[in-house]
Amino acid sequence: MAIIETDAVPHEAHRDNHTHRDVNGGWLRPAVFGAMDGLVSNLALMTGVAGGAVSQQTIVITGLAGLAAGAFSMAAGEYTSVASQRDLVEAELAVERRELRQHPKDEMAELAALYEARGVDAPLAGEVARQLSRDPEQALEIHAREELGIDPNDLPSPLVAAVSSFGAFAVGALLPVLPYLLGASALWPSVLLALLGLFGCGAVVARVTARTWWFSGLRQLALGAAAAALTYGLGTLFGVAVG
């Protein structure tokens with residue numbers, strides 16, 4: 001078995017190049033995907049209505065209504081989802097905290113067994129578990145990480161999730177409406193601006209994936225264009241049928 005010298009100085013090339021992207025996406029991923037959702041859904045909604053040969057005013061009102069409804073729906077959904085997840089996590093933390101208080105030796109043995117399962121020698125695993133268990137809060141954090149895969153000091157905020165989802169969706173949904181608000185009288189400027197926005201969102205998403213920016217951008221553009229074309233066709237059919 002190879003032994004790594006802990007006091008060795010890292011090789012310069014390794015030190016300079018051994019960096020990783022944020023695989024969790026941080027704020028970027030939910031913000032970009034929220035904007036993308038707003039873009040696709042409102043673009044499809046507006047093109048579907050436009051396919052029914054309605055007035056320009058109707059298209060604008062539809063776009064604004066879609067923006068408001070979608071943004072509030074996203075915010076409510078995110079708040080409920082994150083709040084429910086947080087409640088579940090806090091309930092599990094309460095169980096773990098109670099177990100640490102009532103059965104400290106059993107919990108210490110459980111932690112030692114986890115380290116043994118990862119290849120640490122039994123005496124060392126027991127000593128590490130004993131030292132880490134001296135501080136109840138530290139012990140709770142370690143058990144939460146090892147058993148539940150969570151960080152009790154970094155739980156998501158339902159309010160932050162709701163506000164960010166609302167804002168991201170609203171910004172994305174505004175793009176197809178914007179040309180009309182600025183005086184456009186035809187649908188194509190809205191479609192063009194929305195598709196450019198989708199390409200941009202797709203390119204930004206490449207920052208948290210292994211894809212190239214142009215591939216990610218073109219893929220999202222194609223999906224958005226397909227959604228717009230399909231709903232426009234359906235709107236045309238429904239317009240003919242109703243008319």
Side-chain angles (χ1 to χ4, degrees), residues 22 24-82 160-239:
D22 180 6
N24 292 320
W27 62 269
L28 179 64
R29 184 179 182 278
V32 171
F33 278 96
M36 201 178 293
D37 191 12
L39 266 167
V40 174
S41 62
N42 219 28
L43 174 63
L45 179 63
M46 291 175 64
T47 53
V49 172
V54 298
S55 67
Q56 176 183 334
Q57 183 182 19
T58 301
I59 297 174
V60 174
I61 293 174
T62 299
L64 292 175
L67 185 158
F72 280 113
S73 176
M74 284 285 291
E78 276 297 312
Y79 185 92
T80 302
S81 175
V82 174
V160 170
V163 171
S164 61
S165 295
F166 182 96
F169 186 97
V171 169
L174 179 63
L175 283 185
V177 188
L178 195 57
Y180 282 105
L181 298 179
L182 295 178
S185 57
L187 180 64
W188 70 264
S190 294
V191 174
L192 179 60
L193 183 59
L195 292 180
L196 288 174
L198 285 170
F199 180 85
C201 285
V204 173
V205 168
R207 290 188 57 183
V208 292
T209 67
R211 296 290 187 182
T212 57
W213 64 270
W214 57 267
F215 176 87
S216 184
L218 287 175
R219 179 176 59 182
Q220 197 56 44
L221 186 151
L223 292 173
L230 179 61
T231 53
Y232 185 86
L234 291 173
T236 302
L237 290 176
F238 293 153

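Counting begins at 1 with the first residue of the sequence. Below, all heavy atoms of this structure are taken into account, side chains as well, without hydrogens, waters or symmetry copies.
- Counting only residues at least two apart or in different chains, ring pair (Phe, Tyr, Trp, His ring centres under 6.0 Å) contacts with residues 49-72 comprise Phe72-Phe166.
- Counting heavy atoms from C-beta outward, Leu187 and Tyr180 have side chains that approach closer than 4.5 Å.
- Nearest heavy-atom pair, Gly224 versus Leu195, reported as atom, atom and distance to 0.1 Å: C-CD2, 4.2 Å.
- Listed by chain and number, the residues in a side chain to side chain contact (heavy atoms under 4.5 Å, CB included) with Ala203 are Trp213 (sequence neighbours excluded).
- Checked against side chain to side chain contact (heavy atoms under 4.5 Å, CB included), Ser55 has the following partners two or more places apart in sequence or in another chain: Gln57, Thr58.
- With sequence neighbours left out, Leu193 forms a side chain to side chain contact (heavy atoms under 4.5 Å, CB included) with Leu175, Leu178, Pro179.
- The minimum heavy-atom distance between Gly66 and Leu45, with the atom names listed, is CA-CD2, 3.8 Å.
- Of all the heavy atoms in Leu39 and Gly197, the pair that sits closest is CD1-C, 3.6 Å.
- Smallest separation of non-hydrogen atoms from Phe169 and Leu67: CE2-O, 3.9 Å.
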Report the C-alpha distance between Gln220 and Leu223 in whole Å, list the side-chain angles of each, state the deciding distance to 0.1 Å, and finish with yes or no for side chain to side chain contact (heavy atoms under 4.5 Å, CB included). CA-CA 5 Å; Gln220 197 56 44; Leu223 292 173; 4.1 Å; yes
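- Pairs of residues two or more places apart, or lying in two chains, that qualify as side-chain hydrogen bond (donor to acceptor under 3.5 Å, both in side chains) and include a residue from residues 31-48 are Thr47-Thr231.
- Residues Pro176 and Gly172 come closest through the heavy atom pair CD-O, 3.4 Å.
- A 4.5 Å side-chain heavy-atom check between Val177 and Ser190 finds every atom pair outside the cut-off.
- Every residue two or more places apart in sequence or in another chain that forms a side chain to side chain contact (heavy atoms under 4.5 Å, CB included) with Ala186 is listed here: Trp188, Pro189.
- The list of side-chain hydrogen bond (donor to acceptor under 3.5 Å, both in side chains) pairs with a residue in residues 67-81, not counting sequence neighbours, is empty.
- For the atom pair CH2 of Trp214 and OG of Ser216, the computed distance is 11.0 Å after rounding to the nearest 0.5 Å.
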